[in-house]
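Naming: A, B, ... by sequence-line order, numbering from 1 per chain.
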There are 2 protein chains.
Amino acid sequence: MSKIEEKCKEKGVRLTDQRKIIAKVISDSKQTFGSKDHPDVDELHKRATLIDKKISIATVYRTIKLFEESGILIRHDFKEGKSRYEPTTEEHHNHLIDINSGEIVEFVDKEVEELQNKIAQKLGYKLVDHKLELYGSKIKKN
Amino acid sequence: MSKIEEKCKEKGVRLTDQRKIIAKVISDSKQTFGSKDHPDVDELHKRATLIDKKISIATVYRTIKLFEESGILIRHDFKEGKSRYEPTTEEHHNHLIDINSGEIVEFVDKEVEELQNKIAQKLGYKLVDHKLELYGSKIKKN
DNA sequence: AAAATATTTAAACTAATTATAAATATTAAG
DNA sequence: CTTAATATTTATAATTAGTTTAAATATTTT
Ligand SMILES: [Mn+2]
Ligand SMILES: [Mn+2]
Ligand SMILES: [Zn+2]
Ligand SMILES: [Zn+2]
């Protein structure tokens, strides 16, 4: 049973066949597709279709919303029209997007996290959520 | 002549009556409406209509796109469906959004800027753009 | 097994944005 | 100036991502 399926049990989310498939697809996304991943709804649907060819896009939308609300996956709105998804990770991480290749590089930085808290506090706010996205181009070393 | 109008001249963007109005509306947004601002297209259109009641929403969309591509204004995609806009500022700044009131607090933080550059570099990238959004709730002190 | 409840499907709908085509305005030639 | 060429605006149609609806299926409870 995948990590996500376990979480569904935990959160009391009923696991239908379709949801299992979507859970698997999103679970696999990290391992199978590497750092470039973070698939959008169409891509998730395409991959789900390989397992069950009659799964509906409406179900993918509904399930993803359910999973997001249950904290099972994270939605990202990078600089495009459509949202992209990834399984919730233990540790919060941020993203650097390669503006040339579209590759997404993940990173964790304790210093940034602390600094963000400090800034919020200084402004008189308790930090509830935050988003940091870096856009860059590869430095070629020779 | 507003700051934005000057920039249009600079960038060789022709200034029609409608564009002047939109330029004025977005120029004024900062001063007149304070930190809560960063209007969306509908709001820009509404304000433009007060000056010329037959200005079309299509023109607002087109003009805003033009202004954005010319670096005259900045588009933000906060956690909503629609984009919001503000005049390009001298100094890059970031936003803290009050999750209760919707108020937007702007801040500049040199430390964050430096840190972001350092992170990008460490990952082998040259930083081209970045986005930092904090979401928080007001701390009440008594 | 039957009734009640939840989920899926396919299709209709919504909201934001973009594209199109005719009308209007601006600029460039003659 | 006048006319032709070019650009912009308007109104409207089309597109896109995402949500809602109603009937069909599936699951759970009695
Ligand atoms: Mn974090
Ligand atoms: Mn900056
Ligand atoms: Zn990620
Ligand atoms: Zn701002």
Within the structure, does a side-chain N or O atom of [X] lie under 4.0 Å from either OP1 or OP2 of [N]?
X       : N      : answer
B:Ser83 : C:dT17 : yes
A:Gln18 : D:dA26 : no
A:Ser56 : C:dT8  : no

To the nearest angstrom, how far is [X] atom [atom1] from [N] atom [atom2]?
X       : N      : atom1 : atom2 : answer
B:Ile64 : C:dT17 : CD1   : P     : 9 Å
A:Lys54 : C:dT7  : NZ    : C1'   : 16 Å
B:Tyr61 : D:dA14 : OH    : C1'   : 14 Å

Going 5' to 3' through nucleotides 20-26 of chain C, assign each nucleotide B (protein heavy atom under 4.0 Å from a base atom), S (under 4.0 Å only from sugar-phosphate atoms) or - (no protein heavy atom that close).
------S

Which ones in residues 65-78 of chain B lie close to DNA chain D, meaning a heavy atom under 4.0 Å from one of its atoms?
none

Are A:Glu90 and A:Lys3 ion-paired here, with the side-chain N under 4.0 Å from a carboxylate O?
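Result for this pair is yes, salt bridge flagged.
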
With A:Lys110 via side chain to side chain donor-acceptor pair (under 3.5 Å) - residues at least two apart
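So A:Lys110 forms a side chain to side chain donor-acceptor pair (under 3.5 Å) with A:Glu114.
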
Quick check against the 3.5 Å criterion: does A:His45 have a side-chain atom that pairs as donor or acceptor with the backbone of A:Thr59?
no

As a test of understanding, state which of A:His76, A:Lys30, A:His95 forms a side chain to side chain donor-acceptor pair (under 3.5 Å) with A:His38.
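Option passing the side chain to side chain donor-acceptor pair (under 3.5 Å) with A:His38: A:His95.
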
